[in-house]
Trainee: 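I'd like to ask you about the structure that follows.
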Amino acid sequence: MAEEELQMEEGGKSKMMIIIIVAVVLIAGGAGAYFFLGGSSDSPTAEETQSAGGDEDSQGQVSSKVGTALYVAMPRPFVFNVPGTGRDRLVQIKVQLMVRGTDNEESAKMHIPMIEGTLLRVFSMANADDLVTEAGKVALRDNAVKEVQKAMKDIIEKEVVEQVLFTGFVMQ
């Protein structure tokens, strides 16, 4: 009987050792996968700089004109009426502006009232029948970018805004 208890203890210890070894291997494998796949490098690769649309000089260096993408949120959504064939519609659009670099971000924040006025003018010229389609929304966004860039160029002589992004779009 004492031998049976001793064998049970040794069997329990060996099972416990196997569980511990498996746990250590899983933890080490998970940590290795995290560092290998999830690690970030401080310097971007050549592919990342080319996909970011950076201007390169003859040595392959990205020029300092292109900054990081920053997003400036409009303080309130745009709410306006648009005419349609059946009836007029009420539209609410939440907008963020994509700019490059902190200088452009500050310029955009400084001129938010003018940008809001320009966007509201562009949005209110839209037609409800066009805004129902994806192509109509893209055309409205492209027109908004052109008009905002034109207005900013008139005031501070450079196109501050690279993209106008719709973060919310509701039509009733």
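One-based numbering along the sequence shown.
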Trainee: Output every pair passing salt bridge (Lys or Arg N to Asp or Glu O under 4.0 Å) with a member in residues 131-144, not counting sequence neighbours, ordered by first then second residue.
Mentor: none

Trainee: Distance-only, no hydrogens or angles: does the Asp129 side chain make a donor-acceptor pair with backbone N or O of Thr85 under 3.5 Å?
Mentor: yes

Trainee: To the nearest 0.5 Å, tell me how far Gln96 CD sits from Met74 CE.
Mentor: 9.0 Å

Trainee: Quick one: pull up CD in Gln92 and CZ in Phe169 and give me the separation to the nearest 0.5 Å.
Mentor: 10.5 Å

Trainee: Does Val95 form a side-chain contact (heavy atoms from CB on, under 4.5 Å) with Val164? I'd like the steps, not just the answer.
Mentor: CA-CA 7 Å; Val95 174; Val164 173; 3.6 Å; yes

Trainee: Contact between Lys109 and His111 at the side-chain level, heavy atoms closer than 4.5 Å - yes or no?
Mentor: no

Trainee: Side chains of Ile112 and Val72: closer than 4.5 Å at any heavy-atom pair?
Mentor: yes

Trainee: Working to the nearest 0.5 Å, report the span between CD of Glu159 and CZ of Arg100.
Mentor: 14.0 Å

Trainee: Is it the case that the side chain of Thr118 and the backbone of Val148 share a donor-acceptor pair, with hydrogens and angles ignored and the cut-off at 3.5 Å?
Mentor: no

Trainee: Does Val122 form a side-chain contact (heavy atoms from CB on, under 4.5 Å) with Lys146? I'd like the steps, not just the answer.
Mentor: CA-CA 10 Å; Val122 170; Lys146 288 177 191 171; over 6 Å; no

Trainee: Could you check if a side-chain atom of Leu165 sits within less than 4.5 angstrom of a side-chain atom of Leu97, using non-hydrogen atoms only?
Mentor: no

Trainee: For the residue pair Phe123 and Phe80, categorise the inter-ring angle as parallel (less than 30°), tilted (30 to 60°) or perpendicular (more than 60°).
Mentor: parallel

Trainee: Measure the shortest side-chain to side-chain distance between Met152 and Met114 over non-hydrogen atoms and say whether it is less than 4.5 angstrom.
Mentor: yes

Trainee: Is there a path from Val82 to Val79 through hydrophobic residues (I, L, V, M, F, W, Y) whose side chains come within less than 4.5 Å of each other?
Mentor: no

Trainee: Under a 3.5 Å distance rule, please check whether Gln163 uses its side chain to pair with a backbone N or O of Val145 as donor and acceptor.
Mentor: no

Trainee: Go through it in stages, so that I can follow the logic: the residues are Leu140 and Ile93, the test is side-chain contact (heavy atoms from CB on, under 4.5 Å), and I'd like the CA-CA distance, side-chain angles, deciding distance and then a yes or no.
Mentor: CA-CA 11 Å; Leu140 179 66; Ile93 302 176; 4.1 Å; yes

